[in-house]
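Down below is the structure, laid out as structure tokens.
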Amino acid sequence: MCDKKIDKSAILIVNDIDKTLSNLLPFYSPHNIRIIKNEEKDEFQILQATQAIKEAYIASNENKYIFLCGNTFRKEAQNSLLKVLEEPPKNVVFIILTNSKSSLLPTIYSRMPYTYMKTSLLKDETSLDILKLDLKDIYMFLKENQKISKNEAKNIVESILLKVNKQDIKLSSSQLDLFSKASKLLELNSRPNNILTTLLLSLANQN
């Protein structure tokens with residue numbers, strides 16, 4: 001949660017980008033802010049980077065706050081931003097909002113201070129009832145967790161395992177293998193939703 005104005009360029013690592021924006025924006029004058037995000041995908045791409053650079057070079061007598069938002073940032077987009085982030089035009093402040101520091105290149109986060117504002121979303125076993133898991137449960141669960149980062153997905157995988165153990169469910173060798181591979185695939189940036197879908201369907205099929 002961010003409850004104060006940010007006056008200098010910074011990276012904020014948050015749970016929910018839209019929620020953080022809604023908390024931050026009241027501290028700014030509407031005509032001094034620009035929000036740049038991909039409305040079609042959660043990835044900040046080269047088009048958004050080009051928009052940000054153009055906006056940065058539009059002269060302003062007051063501080064202009066440019067919010068760069070994305071669950072992930074494409075490498076090419078980050079590379080194109082390097083120069084303007086390192087030497088921003090006068091009165092321009094960049095604020096990057098993302099779900100994961102690992103989505104940013106070291107050359108980006110070495111140029112700007114970053115604040116880790118994420119809170120743990122899951123501290124114990126999942127609320128899902130694995131013994132009674134059906135397709136509707138899976139659909140609703142995936143819908144609620146469709147914009148999570150890979151670290152949040154790893155927490156969910158662990159919480160599902162906790163529930164499996166608590167409900168004394170015996171996993172087959174293939175299911176155990178799926179759980180074992182899940183964290184590795186998430187580290188390799190596989191889509192969290194795909195990983196969770198595979199795990200949950202494998203559990204539903206045994207019921």
Side-chain angles (χ1 to χ4, degrees), residues 1-25 27-28 33-57 63-89 91-122 145-158 182-196:
M1 190 71 66
C2 194
D3 55 2
K4 64 180 181 179
K5 184 176 182 178
I6 295 168
D7 284 318
K8 296 180 180 179
S9 291
I11 299 166
L12 305 182
I13 301 159
V14 301
N15 285 112
D16 188 313
I17 291 170
D18 290 334
K19 192 177 288 185
T20 303
L21 270 177
S22 67
N23 289 330
L24 276 173
L25 296 186
F27 295 100
Y28 299 87
I33 60 173
R34 303 291 183 274
I35 298 169
I36 298 178
K37 61 189 293 192
N38 189 337
E39 297 296 343
E40 296 178 5
K41 303 174 95 179
D42 293 327
E43 184 176 57
F44 193 96
Q45 298 179 338
I46 195 74
L47 177 61
Q48 286 74 49
T50 302
Q51 291 172 346
I53 294 165
K54 284 181 180 176
E55 188 59 57
Y57 286 107
N63 272 1
K64 185 195 296 184
Y65 300 89
I66 302 177
F67 291 84
L68 311 179
C69 307
N71 286 1
T72 58
F73 281 69
R74 185 162 287 190
K75 185 177 178 181
E76 297 87 347
Q78 295 183 66
N79 284 331
S80 70
L81 288 169
L82 283 176
K83 185 169 185 266
V84 75
L85 291 177
E86 190 166 31
E87 298 176 8
N91 296 331
V92 169
V93 176
F94 285 104
I95 299 171
I96 295 176
L97 294 177
T98 188
N99 295 137
S100 174
K101 181 184 169 187
S102 63
S103 72
L104 298 175
L105 297 170
T107 46
I108 294 285
Y109 62 73
S110 66
R111 282 164 169 73
M112 301 167 69
Y114 64 88
T115 303
Y116 192 88
M117 298 169 58
K118 293 182 76 167
T119 54
S120 177
L121 297 179
L122 289 158
N145 293 283
Q146 61 184 331
K147 292 186 177 181
I148 58 173
S149 68
K150 70 177 182 182
N151 285 332
E152 289 162 347
K154 284 160 74 173
N155 285 340
I156 289 175
V157 171
E158 290 172 11
S183 292
K184 295 174 187 175
L185 289 170
L186 288 165
E187 279 299 328
L188 294 171
N189 293 321
S190 293
R191 290 180 67 84
N193 224 251
N194 294 346
I195 302 296
L196 294 177

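Taking the centre of each ring, Phe27 and Tyr65 stay at or above the 6.0 Å mark.
The aromatic rings of Phe67 and Tyr28 stand perpendicular to each other, their planes meeting at an angle above 60°, with 30° marking the opposite boundary.
Between Lys83 and Glu86 there is no side-chain heavy-atom pair separated by less than 4.5 Å. When side chains are defined from C-beta on, Val14 does not count as touching Lys19, because their heavy atoms never get closer than 4.5 Å. Contact annotation: the side chain of Leu68 approaches that of Leu81 to within less than 4.5 Å [non-hydrogen atoms, C-beta and beyond]. Side-chain atoms of Leu105 and Asn79, non-hydrogen and from C-beta on, do get closer than 4.5 Å to each other. Residues Leu24 and Leu12 are in side-chain contact: their nearest non-hydrogen atoms beyond the backbone lie under 4.5 Å apart. Using a 4.5 Å heavy-atom threshold, the side chains of Ser80 and Thr50 count as separate. You'll find the side chain of Asn99 stays beyond 4.5 Å of the side chain of Asp42, heavy atoms only.
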#### Entry: Step-by-step side-chain contact (heavy atoms from CB on, under 4.5 Å) determination, Ile6 to Thr115
CA-CA 11 Å; Ile6 295 168; Thr115 303; over 6 Å; no
### Criterion side-chain contact (heavy atoms from CB on, under 4.5 Å) on Glu187 and Lys154, from CA distance to verdict
CA-CA 9 Å; Glu187 279 299 328; Lys154 284 160 74 173; 2.3 Å; yes
### Message
Please evaluate residues Lys64 and Glu55 with respect to the criterion side-chain contact (heavy atoms from CB on, under 4.5 Å), reporting the C-alpha separation (whole Å), side-chain torsions for both, the decisive distance (0.1 Å), and the verdict.
### Response
CA-CA 9 Å; Lys64 185 195 296 184; Glu55 188 59 57; 3.1 Å; yes
#### Entry: Leu185 and Asn194: CA distance, side-chain angles, deciding distance, side-chain contact (heavy atoms from CB on, under 4.5 Å) verdict
CA-CA 10 Å; Leu185 289 170; Asn194 294 346; over 6 Å; no
#### Entry: CA sep, side-chain torsions, deciding dist, call: Glu152, Asn145, side-chain hydrogen bond (donor to acceptor under 3.5 Å, both in side chains)
CA-CA 9 Å; Glu152 289 162 347; Asn145 293 283; over 6 Å; no
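Interatomic distance, OG of Ser149 versus CG of Asn15, reported as 8.0 Å (0.5 Å rounding). For the atom pair CD (Glu43) and CG (Asn38), the distance works out to 7.5 Å, reported to the nearest 0.5 Å. Considering CZ of Arg34 and CD1 of Ile95, their distance stands at 13.5 Å, rounded to 0.5 Å. Taken from CD1 in Ile33 to CG in Leu25, the straight-line distance is 4.5 Å, to the nearest 0.5 Å. Interatomic distance, CD1 of Ile53 versus CD of Gln51, reported as 10.5 Å (0.5 Å rounding). Here Thr107 contributes atom OG1 and Leu82 contributes atom CG; the two are 4.5 Å apart, rounded to the nearest 0.5 Å.
Nearest heavy atoms, Phe73 versus Ile96: CZ-CG2, 3.7 Å. Across all non-hydrogen atoms, the minimal contact from Val92 to Pro88 is O-CB, 3.9 Å. Across all non-hydrogen atoms, the minimal contact from Gln78 to Ile108 is OE1-CG1, 3.4 Å. Between Glu76 and Ile46, the closest heavy-atom pair is O-CD1, 3.6 Å. Considering every non-hydrogen atom in both Ala56 and Phe94, the closest pair reads CB-CZ, 3.7 Å. In terms of heavy atoms, Ile66 sits closest to Ala52 at CD1-O, 4.2 Å.
A salt bridge links Asp18 with Lys37: the closest approach of a Lys/Arg side-chain nitrogen to an acidic carboxylate oxygen falls below 4.0 angstrom.
Side-chain atoms of Ser9 do not come within 3.5 Å of backbone N or O of Val93 as any donor-acceptor pair.
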